[in-house]
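By convention here, the first residue in the shown sequence is residue 1.
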Amino acid sequence: MKRIWAPWRMDYVEGKVKEKGCIFCSRAAMDDNSESLILHRGRQTFVILNRFPYTNGHTLVVPFEHKASLEDLDEATRNELMQLTTQTLAVMREVYNAESFNVGINIGEAAGAGIAEHIHVHIVPRWTGDTSFMTTSADTRVLPESLEETYRRLHAAWVKLSSDLRG
């Protein structure tokens, strides 16, 4: 029997990944690099890679303001949240040739929000024939690309997109 190893996930699986305070607020205070995993910053929101992705390119769009629900955000922030979600879809299509997406917001712990106190949008790229983001074999998912490489590729695409939008 062949084995698939994903040892980098073990701390997460065992619940050892606990930060003091809000992970999104602490990341927003960091520089944009492969440590913070921030790909792009808007005025009210930012785009960040999920450190424990369901699939390569699993990205989050997060408001800077620490709020638990959409109705807690002002209109400008809600608009930018959707605008950066839309731009992230375009980046994923370009970089990963993603055919489809799961886009979702889990508001509250009972709805499955892992970080219920700070709202965020999940963007999960999908391809025909993939195994979905649900675990399919022995609680193991296969990600063919390292998180560092995912960051490098997507960050470069965001830099290009930002440059194109400025004209």
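I107 approaches A111 most closely through the heavy-atom pair O-CB, 3.4 Å. Residue P125 comes nearest to M92 through the heavy atom pair CG-SD, 4.1 Å, listed as atom of the first residue, atom of the second, then distance. Residues N56 and W127 share a closest heavy-atom pair of O-CH2, 3.9 Å. Among all heavy-atom pairs drawn from A116 and A68, the shortest one is O-CB, 3.7 Å. Looking at every heavy atom in both residues, R51 comes nearest to E35 through NH2-O, 2.6 Å. Closest non-hydrogen pair, I119 versus L70, comes out as CD1-N, 3.3 Å.
Other residues, nucleotides and ligands contribute at most 12 non-hydrogen atoms within 6.0 Å of the CD atom of E109. A 6.0 Å sphere centred on CE of M30 holds more than 12 heavy atoms belonging to other residues, nucleotides or ligands. Annotation for N33: atom CG counts as buried by contact number, over 12 foreign heavy atoms lying within 6.0 Å.
The OG1 atom of T77 sits 9.5 Å away from the NZ atom of K67 when rounded to the nearest 0.5 Å. With rounding to the nearest 0.5 angstrom, the CG atom of N79 is 10.5 Å from the CG atom of L73. Taking OG1 of T150 as the start and CG of L39 as the end, the distance is 9.5 Å to the nearest 0.5 Å. To the nearest 0.5 Å, the span separating CD1 on I123 from CG on L60 amounts to 8.0 Å. Between atom CG of residue D32 and atom NE2 of residue H40 there is a gap of 9.5 Å, rounded to the nearest 0.5 Å. The distance from the NE2 atom of H66 to the SG atom of C25 is 5.5 Å, given to the nearest 0.5 Å.
Between P63 and the options D72, L84, D74, L81, a side chain to side chain contact (heavy atoms under 4.5 Å, CB included) holds for only L81.
Residues E65 and Q44 are not in side-chain contact: their nearest non-hydrogen atoms beyond the backbone lie 4.5 Å or more apart. Counting heavy atoms from C-beta on, the side chains of R126 and N102 come closer than 4.5 Å. Here the side chains of L37 and L147 are in contact, with some heavy-atom distance below 4.5 Å. Considering only heavy atoms from C-beta on, R93 comes within 4.5 Å of F101 through its side chain.
Residues S34 and E148 bring no donor and acceptor atom of their side chains to less than 3.5 Å of each other.
S69 pairs by the side-chain hydrogen bond (donor to acceptor under 3.5 Å, both in side chains) definition with E71, not counting sequence neighbours. Residues satisfying the side-chain hydrogen bond (donor to acceptor under 3.5 Å, both in side chains) criterion with T88, sequence neighbours excluded, are absent altogether.
Distance alone, capped at 3.5 Å, places no donor-acceptor pair between the Y151 side chain and the I48 backbone. Not a single donor-acceptor pair under 3.5 Å links the side chain of S162 to the backbone N or O of V159.
The cationic atom of R41 (NZ for Lys, CZ for Arg) does not lie both less than 6.0 Å from the six-membered ring centre of F64 and within 45° of the ring axis.
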query: Given Q87 and W158, is the side-chain contact (heavy atoms from CB on, under 4.5 Å) satisfied, shown in steps?
result: CA-CA 9 Å; Q87 289 174 346; W158 270 105; 3.5 Å; yes
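Ring pair F24/H120 is tilted by interplanar angle, where 30° to 60° counts as tilted.
We find that E149 and R152 are joined by a salt bridge, their nearest charged nitrogen and carboxylate oxygen being less than 4.0 Å apart.
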